[in-house]
**Q** 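Please read through the structure below; I'll follow up with questions.
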Amino acid sequence: MKYSNCFAKTSKMAPADADSANAKFLVQAGFVDQTMAGVYTWLPFGLSVLRKVEQIVREEMNALGALEIFMPSLHPKEFWEATNRWDNVGFHFKTHSQTDKDYALGASHEEVVTPLVKKFIESYKSLPFATYQINTKFRDELRAKSGVLRGREFRMKDMYSFHTNQEDLSAFYQKTLEAYVRAYNRCGLNVKVAEASGGVFTKNMSHEFQALTDAGEDTILACSKCEFGQNVEVATVKDGDACPKCGSSIVTVKGIEIGNIFDLGTKYSDAFDLNFTDENGERKKVLMGCYGIGTSRLVGAIVEACHDEKGMIWPKSVAPFQVHLVTLNSKDDAVRENIMGTADDLVRDLEAQGVEVLWDDREDVSPGAKFADADLIGAPLRVIVSEKSLKEESVEWKERAGTESRLVKLADVLEEIKEFVK
Ligand code: ATP
Ligand code: MG
């Protein structure tokens, strides 16, 4: 991809109201654009990251045997009345039609998935199973803030599981908890798994997944070593205690909730009369679990955890592209042709190998401005082709996360990059 073809450019100025690293860098680097408070357009670079994050999450849900679906965002009022959540939950955006009907914009999908699966479940033979979607959610947040961390329209993966008995639900819940940790680790984040109260959903078991960064809204009592954590609101441990899991010390830290899982029991099965016939012909209530990951918030959390004063530092697994190729201009026509020709060949060879490259091909921009953009955008590897490097038949190699740069021979660069992006 040539930078000169990208319509969404970087900006020298951070947005005036940026209250966090992600609000600043994602906008400044042209990854997202704010339409209004809490509502964003995902521009090409940002969309690439979001898709990679969502693909990692999708792979982990598929590995659990869950099947992907896509549910509507426009919900009938009756479904939300059935669970007493039409009037009692403040987070709804509601809308009224020309034919005098009320609808909710999907803030969550228990009210859609439960009547949906009711059409398919007959006996214990239909169970267990799990289904999920990755979709846009709408919530009337009182205060949208911290860039994509708290939006009024945002992305979420939500999975729902259906079981005949508690043991089966608990076993699937535990497997999902482990899959969540794998998904976050693959996105380059360490998380703490905090026991939580069930909020408006349930009084049953619930866990939150917390990415530790100072931008977090939640206060977590977390083990300094293992995954153990507790939200301060429900905590049974205190700062300085020994971790009940591994014995290391508990510290107080800030966290961003990037996922939440719930044992729903029969809450929604009761509301929608979701039953199955067991082996003895008896009708029983289906047990449910629900499992959410805020995928757009996850992108913001990665920025909060992976940046410096110059910009973002994307983990390879979710970077919009692996290589940021910078060509530096020369006044000498023959040299300039050589630089552009070398870059053109390298981009073609890399793309043929499936390596994603952003080529900053602008000829009217200073080296300093190009390097500042590369640091802001945060691709894992910067490769410079210049008059100086070509004198050595080389390119200059600089990793975003490191400080040193070095020359790599043109003859070796393809292999070295392939090794680097593995
Ligand atoms: P919070 O406590 O942060 O308001 P929540 O507990 O209400 O979130 P859940 O209903 O558990 O949210 O939703 C599942 C996941 O969706 C959350 O763990 C979070 O990652 C994400 N999420 C929730 N609200 C928002 C939002 N307003 N903007 C972006 N992501 C969100
Ligand atoms: Mg939650």
Side-chain angles (χ1 to χ4, degrees), residues 19-20 22-23 26 32 34-40 42 46 50 53-54 56-57 61 83 85 88-93 104-111 113 132-160 176-177 180-181 183-184 187 189 191-213 215-220 229-234 254-264 267-268 289-305:
D19 58 356
S20 54
N22 87 88
L26 286 174
V32 301
Q34 194 183 59
T35 309
M36 57 182 164
V39 178
Y40 287 86
W42 290 78
L50 182 65
V53 164
E54 292 187 344
I56 288 171
V57 171
M61 297 307 105
T83 57
R85 295 212 294 176
N88 300 340
V89 183
F91 59 44
H92 262 152
F93 278 113
L105 294 184
S108 187
H109 279 74
E110 288 81 1
E111 275 79 356
V113 81
Y132 74 98
Q133 66 170 349
I134 303 176
N135 203 341
T136 299
K137 295 279 192 272
F138 299 86
R139 287 191 188 176
D140 190 0
E141 299 278 356
L142 282 178
R143 240 190 108 212
K145 58 183 189 135
S146 308
V148 298
L149 294 184
R150 183 170 296 285
R152 298 202 166 96
E153 177 176 334
F154 58 95
R155 299 278 296 172
M156 197 203 288
K157 183 284 302 176
D158 42 325
M159 179 168 74
Y160 305 88
T176 304
L177 188 152
Y180 268 41
V181 173
Y184 298 126
C187 291
L189 283 183
V191 287
K192 299 292 172 186
V193 184
E195 291 164 33
S197 68
V200 293
F201 290 93
T202 173
K203 298 235 165 1
N204 290 357
M205 183 160 59
S206 169
H207 286 86
E208 287 172 359
F209 298 80
Q210 295 279 350
L212 302 188
T213 90
E217 284 182 32
D218 295 354
T219 303
I220 308 300
Q230 282 185 342
N231 198 313
V232 74
E233 290 166 22
V234 293
K254 289 280 177 197
I256 301 172
E257 185 196 311
I258 48 176
N260 205 175
I261 60 178
F262 303 86
D263 172 340
L264 296 171
K267 183 176 155 90
Y268 293 90
C290 80
Y291 316 83
I293 292 183
T295 52
S296 50
R297 180 181 286 186
L298 183 48
V299 172
I302 295 170
V303 177
E304 296 302 330

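All residue numbers refer to positions in the sequence shown, counting from 1. Note that these values count all heavy atoms, side chains included, but never hydrogens, waters or copies made by symmetry. All ligand and atom numbering here is 1-based and tracks the order in the structure.
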**Q** Relative to ligand 1, is M156 under 4.0 angstrom through side chain, backbone, both or neither, heavy atoms considered?
**A**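 Within the 4.0 Å criterion, M156 contacts ligand 1 through side-chain atoms alone.
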
**Q** Return a yes/no value for F154: is any of its N or O atoms, backbone included, closer than 3.5 angstrom to an N or O of ligand 1?
**A**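 N/O-N/O distance below 3.5 Å does not exist for this pair.
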
**Q** When only distance counts, is R150 in polar contact with ligand 1, meaning an N/O pair under 3.5 Å?
**A** yes

**Q** With a 4.0 Å cut-off on heavy atoms, does G259 reach ligand 1?
**A** yes

**Q** Do K254 and T213 have side-chain N/O donor and acceptor atoms under 3.5 Å apart?
**A** no

**Q** Could you state the interatomic distance from SG (C290) to CG (N260), rounded to the nearest 0.5 Å?
**A**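 Reported value, rounded in 0.5 Å steps: 8.0 Å.
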
**Q** By number and element, which atoms of ligand 1 are closer than 4.0 Å to a non-hydrogen atom of I258?
**A**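 What qualifies from ligand 1 is 18 (O), 20 (O).
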
**Q** Of all the heavy atoms in L149, does at least one lie under 4.0 Å from an atom in ligand 1?
**A** yes

**Q** Any atoms of ligand 1 less than 4.0 Å from a non-hydrogen atom of E141? List them with their elements.
**A** 24 (N), 26 (C), 27 (N)

**Q** Would the distance check show the side chain of S296 and the main-chain N or O of R155 forming a donor-acceptor pair, the cut-off being under 3.5 Å?
**A**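 A pair under 3.5 Å: yes.
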
**Q** Quick one: CE on M156 to NE2 on H109, what's the gap to the nearest 0.5 Å?
**A**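 It is 9.5 Å, given to the nearest 0.5 Å.
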
**Q** Tell me which part of R139 gets within contact of ligand 1: side chain, backbone, both or neither, using heavy atoms under 4.0 Å.
**A**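 Only the side chain of R139 comes within reach of ligand 1.
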
**Q** Of all N/O/S atoms in E257, which lies nearest to the Mg ion (ligand 2)?
**A**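 Within E257, restricted to N, O or S, the Mg ion (ligand 2) is closest to atom OE2.
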
**Q** At under 4.0 Å between heavy atoms, which part of R297 makes contact with ligand 1: side chain, backbone, both or neither?
**A**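 Only the side chain of R297 comes within reach of ligand 1.
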
**Q** Taking Y291's backbone N and O only, do any of them form a donor-acceptor pair with D158's side chain (distance below 3.5 Å, no angle check)?
**A** no

**Q** In this structure, is the centre-to-centre distance between the rings of F138 and F93 below 6.0 Å?
**A**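 Ring centres of F138 and F93 not closer than 6.0 Å.
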
**Q** Quick one: does any side-chain atom of E304 pair with a main-chain N or O of N22 as donor and acceptor, under 3.5 Å?
**A** yes

**Q** Is the closest side-chain donor-acceptor distance between Q34 and Y40 under 3.5 Å?
**A** yes

**Q** Would you mind running through ligand 1 and noting each atom that sits below 4.0 Å from a heavy atom of G151?
**A**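 Result: 26 (C), 27 (N), 28 (N), 29 (C).
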
